[in-house]
Asker: 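Pasting a structure below so you can have a look.
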Amino acid sequence: MRNIGIIAHIDAGKTTVTERILFYTGRIHKMGEVHNGQAVMDWMPEEQERGITITSAVTTCHWLGHEIHIIDTPGHVDFTIEVERSLRVLDGAIGVFCAVSGVEPQSETVWHQADKYKVPKIAFINKMDRIGANFSGAVAMMRERLGVRPALLQLPIGAEDSFRGIIDIIDQKSLYWDEGTQGAVIRHEEIPPDYREEALKQRDQLLETLSEIDDVILEKYLDDVEITKDDILRAVRQGTVSLKIVPVLCGSALRNKGIQSLLDAIVQFLPGPLDIKAVTGVNPKTGETEERPGRDDAPLAALAFKIMMEQGRKRTYVRVYSGVLREGAEVYNATKQIKQRVARILNVHANKTERLDEARAGSIVGVMGLKDASTGDTLCDPDHPILLENIDTYEPVISVAVEPRTRIDQEKVSEALNKLADEDPTFRVRVDDDTGQTIIAGMGELHLEVLVHRILREFGVPVNVGKPQVVYRETIEHEATVTEKFDREIGGSRQIADITIKVSPRPRGAGNLVENGLPANKIPPQFVPAIVSSLNESLEGGVIQGYPLLDVGVILLDASYIENSSTELAYRAAASVALKRACSAASPVLLEPIMRVEVTTPEEFMGEVIGDLNSRGGKIEAITPKGRVQVIKVVVPLSSMFGYSTALRSATQGRATFSMHFSRYDRMGKEKRTI
């Protein structure tokens with residue numbers, strides 16, 4: 001069994017690669033194209049209309065006696081959470097890179113996400129038939145930007161219009177795909193004379209790389225003993241699974257070249273559930289760390305990594321790490337501390353399903369009946385509870401106000417928003433206390449636009465949408481110490497507490513920190529957690545405009561206690577008021593989200609693009625020539641980037657592209673502080 005994900009920057013060809021994999025494994029009988037809106041894995045109407053992947057889709061296929069579970073992930077930065085939660089449950093990944101653009105910003109982001117979860121990877125250099133394709137340039141960018149050690153297993157024969165086949169470096173053969181068979185028939189021939197020297201050189205280079213990580217290869221290499229194909233395959237697999245090397249293959253998915261070799265590599269080099277370390281978690285009863293090996297006879301441990309609402313019903317996508325999940329069985333949700341019953345288990349193929357009686361260790365399946373499950377919940381054997389590591393989420397950076405067009409639809413809109421929020425941890429819904437408006441927040445303009453369209457399409461409710469607003473934060477610039485005394489009569493009894501706290505700024509990106517600096521026995525210890533909790537809660541609302549406070553350090557310095565009068569309520573109230581007063585006295589300022597932007601533009605439009613970025617308050621970090629285009633790296637406040645795609649298209653006759661992702665929160669420029 002193999003659990004793999006296809007990860008890459010938008011438009012690198014992930015969905016086309018997945019479509020070809022499904023065709024050659026016999027899972028589908030006709031290849032659909034992304035640009036025609038007919039790709040199996042892009043099944044949502046929103047995906048078909050836009051030609052991009054929005055939600056990660058799951059499917060299963062078979063190759064050389066192996067069952068392969070595939071998750072095709074989005075490439076757009078607004079949907080990064082889909083990649084994050086998929087990588088959390090996968091054993092291996094295919095990084096797809098465009099031979100023209102190489103390692104693009106989102107490719108870097110998803111690659112490092114995979115590194116975080118220690119996921120072994122194979123690289124596939126796609127689009128070798130495109131104008132500007134540069135195989136060696138893409139490999140060099142992998143070394144430079146991703147810090148990996150590429151192990152070249154293939155070389156392209158030709159490039160751009162002349163790309164016609166691939167050289168297998170291990171076998172020293174060339175591979176050609178017959179056009180009339182949709183690439184299903186492969187011819188193995190001798191390497192063309194022009195490429196023989198380079199092919200032998202790259203084989204030596206591969207053996208040299210492997211000798212550094214494998215003792216058997218090293219011994220044979222030094223003793224000049226023949227190194228067999230089995231030796232090489234074993235060493236490549238070992239190096240891939242241990243994250244020491246990244247095998248590199250190439251091809252053109254759209255032209256049906258190179259996919260069967262990629263399937264062979266998935267089976268040969270990526271790990272199965274038994275090859276990876278046993279999953280670890282904490283026993284919620286004892287607090288001790290426990291392991292769950294990837295075997296059917298071990299106690300059940302599974303992770304809910306994705307929620308989908310389908311026709312009003314909740315489908316939970318689950319990775320079974322150990323044990324067997326059975327239809328009708330009662331499972332323990334260790335995160336929510338409740339028992340739930342599995343109504344149905346589904347083998348999922350994009351938006352189609354097949355019913356299963358059980359799911360064994362290593363399986364990725366859809367489960368119906370888990371009404372209270374959320375992304376990141378652990379499902380386990382009630383007699384052997386375990387809590388697995390949760391899935392990281394991201395804070396939204398942009399918000400809009402939404403309202404139903406008629407009063408009658410108010411309840412429907414609320415229900416639709418809550419269901420979408422259940423699906424997507426990066427989508428937040430709140431009601432503004434001052435205006436009564438419903439505010440939705442997400443990762444970008446496209447993210448919110450897609451969600452608003454889904455409200456209409458899936459729930460049949462049209463909504464009015466306000467202009468996008470930036471989600472700001474607040475912080476302080478100086479230290480301040482404040483003593484606050486709370487003295488009130490509540491419910492017929494006097495409640496008294498006084499505390500002293502000090503607030504101070506922390507380095508940007510360090511986060512908040514609340515510390516207890518009280519001398520021992522100053523107040524009864526049971527009141528300290530209440531004070532610390534109140535201080536943490538008070539950091540959620542700042543003193544300028546009520547935005548959450550960021551990078552603030554708070555120390556509880558002193559407190560007094562009066563028997564029978566000092567209560568938890570009094571300490572909480574004193575802590576809340578003290579924090580507001582201290583932050584007001586510590587020069588509070590607004591922070592705005594700063595985005596990292598990369599613009600790829602033809603050279604003749606450089607002046608207009610840079611001038612426009614400067615006018616938006618951008619700071620140019622680097623300008624790099626790449627073939628016939630220039631790549632401009634810049635950091636820009638998010639508030640200046642609304643509508644940028646239209647402006648860039650106008651300035652460059654539609655020939656420039658850009659990508660943008662969140663970098664950090666930073667102090668707002670003086671000209672904007674009157675917001």
Side-chain angles (χ1 to χ4, degrees), residues 3-22 33-35 39 41-42 47 50-59 70-88 90 92-117 119-130 132-135 137-148 150 246-255 257-259 262-263 265-266 270 446 598 600 626 631 657-661:
N3 290 313
I4 64 159
I6 315 281
I7 60 171
H9 188 88
I10 191 169
D11 206 30
K14 295 179 304 304
T15 303
T16 306
V17 167
T18 311
E19 199 76 8
R20 293 331 186 240
I21 286 174
L22 296 177
E33 304 299 353
V34 174
H35 54 267
M41 300 302 272
D42 284 352
E47 295 175 315
R50 296 167 190 272
I52 62 169
T53 302
I54 288 169
T55 181
S56 50
V58 181
T59 189
I70 302 173
I71 299 182
D72 175 30
T73 65
H76 197 287
V77 67
D78 283 14
F79 309 104
T80 297
I81 185 62
E82 291 285 342
V83 187
E84 181 85 27
R85 58 189 179 183
S86 299
L87 287 170
R88 171 67 179 81
L90 293 171
I94 312 294
V96 179
F97 300 97
C98 171
V100 182
S101 308
V103 179
E104 296 172 275
Q106 186 64 3
S107 306
E108 257 183 282
T109 302
V110 296
W111 193 273
H112 294 317
Q113 283 174 303
D115 285 341
K116 180 170 78 175
Y117 293 118
V119 177
K121 296 169 284 293
I122 290 174
F124 181 71
I125 311 290
N126 190 27
K127 303 193 178 184
M128 282 305 307
D129 59 314
R130 285 270 298 273
N134 183 345
F135 177 75
V139 173
M141 286 179 79
M142 284 179 63
R143 275 198 193 92
E144 179 194 332
R145 291 198 178 185
L146 305 177
V148 298
V246 175
V248 179
L249 298 92
C250 62
S252 167
L254 193 63
R255 301 281 171 257
K257 291 179 170 69
I259 300 301
L262 178 61
L263 277 162
I266 289 168
L270 289 179
L446 179 62
E598 194 164 295
T600 304
K626 191 158 76 174
V631 178
T657 59
F658 83 103
S659 65
M660 176 170 75
H661 63 276

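Counting begins at 1 with the first residue of the sequence.
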Asker: Where is the tightest heavy-atom contact between Met128 and Ala99, given as atom of each residue plus distance?
Answerer: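 Heavy atoms of Met128 and Ala99 come nearest at SD-CB, 3.6 Å.
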
Asker: Rounded to the nearest 0.5 Å, what's the gap from CD1 on Ile122 to CD1 on Ile4? Could you check?
Answerer: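 Answer for the CD1-CD1 pair, Ile122 versus Ile4, is 8.0 Å.
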
Asker: Looking only at heavy atoms, what is the nearest atom pair of Phe97 and Ser107, with distance?
Answerer: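 For Phe97 versus Ser107, the nearest heavy atoms are CE2-CB, 3.9 Å.
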
Asker: What distance separates Leu22 CG from Thr59 OG1, expressed to the nearest 0.5 Å?
Answerer: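 Between Leu22 CG and Thr59 OG1, I get 5.0 Å after rounding to 0.5 Å.
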
Asker: Would you give the length of the straight line joining atom CG of Asn134 to atom OG of Ser101, rounded to the nearest 0.5 angstrom?
Answerer: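 With rounding to 0.5 Å, CG (Asn134) is 11.0 Å from OG (Ser101).
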
Asker: Out of curiosity, Met141 CE to Leu146 CG, how far, rounded to the nearest 0.5 Å?
Answerer: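 Answer for the CE-CG pair, Met141 versus Leu146, is 8.5 Å.
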
Asker: Please check if the side chain of Arg20 supplies one atom and the backbone of Ile259 the other of a donor-acceptor pair under 3.5 Å.
Answerer: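 Between the backbone of Ile259 and the side chain of Arg20 there is no qualifying donor-acceptor contact (under 3.5 Å).
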
Asker: Where is the tightest heavy-atom contact between Ala93 and Leu87, given as atom of each residue plus distance?
Answerer: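 That would be CB-CD2, 4.3 Å.
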
Asker: Please lay out, stage by stage, how Val148 and Trp111 fare under the test side-chain contact (heavy atoms from CB on, under 4.5 Å).
Answerer: CA-CA 10 Å; Val148 298; Trp111 193 273; 3.5 Å; yes

Asker: Between Asp115 and Lys121, is any pair of side-chain heavy atoms under 4.5 Å apart?
Answerer: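 Side-chain contact under 4.5 Å: yes.
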
Asker: Hey, mind stepping through Lys257 and Asp129 against side-chain contact (heavy atoms from CB on, under 4.5 Å) and telling me if it holds?
Answerer: CA-CA 10 Å; Lys257 291 179 170 69; Asp129 59 314; over 6 Å; no

Asker: List the atom of Ile6, the atom of Val96, and the distance in Å for their closest heavy-atom pair.
Answerer: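 So the minimum-distance heavy-atom pair works out to CG2-CG2, 3.7 Å.
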
Asker: Taking the side chain as every heavy atom from C-beta outward, state whether Leu90 and Tyr117 have any atom pair closer than 4.5 Å.
Answerer: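 No, side chains not in contact.
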
Asker: Nearest heavy-atom pair of Ile7 and Ala114: which atoms, and what distance?
Answerer: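 Taking Ile7 first and Ala114 second, the nearest heavy atoms are CD1-CB, 4.3 Å.
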
Asker: Taking C-beta and beyond as the side chain, do Lys127 and Leu254 meet within less than 4.5 Å on heavy atoms?
Answerer: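 Result no, sub-4.5 Å side-chain heavy-atom pair not found.
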
Asker: Work out which heavy atom in Ala253 is nearest to a heavy atom in Thr16; give both atom names and the distance.
Answerer: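 Heavy atoms of Ala253 and Thr16 come nearest at CB-CG2, 3.8 Å.
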
Asker: For Leu270 and Ile94, run side-chain contact (heavy atoms from CB on, under 4.5 Å): C-alpha distance rounded to whole Å, both residues' side-chain angles, the deciding distance at 0.1 Å, then the answer.
Answerer: CA-CA 9 Å; Leu270 289 179; Ile94 312 294; 3.9 Å; yes

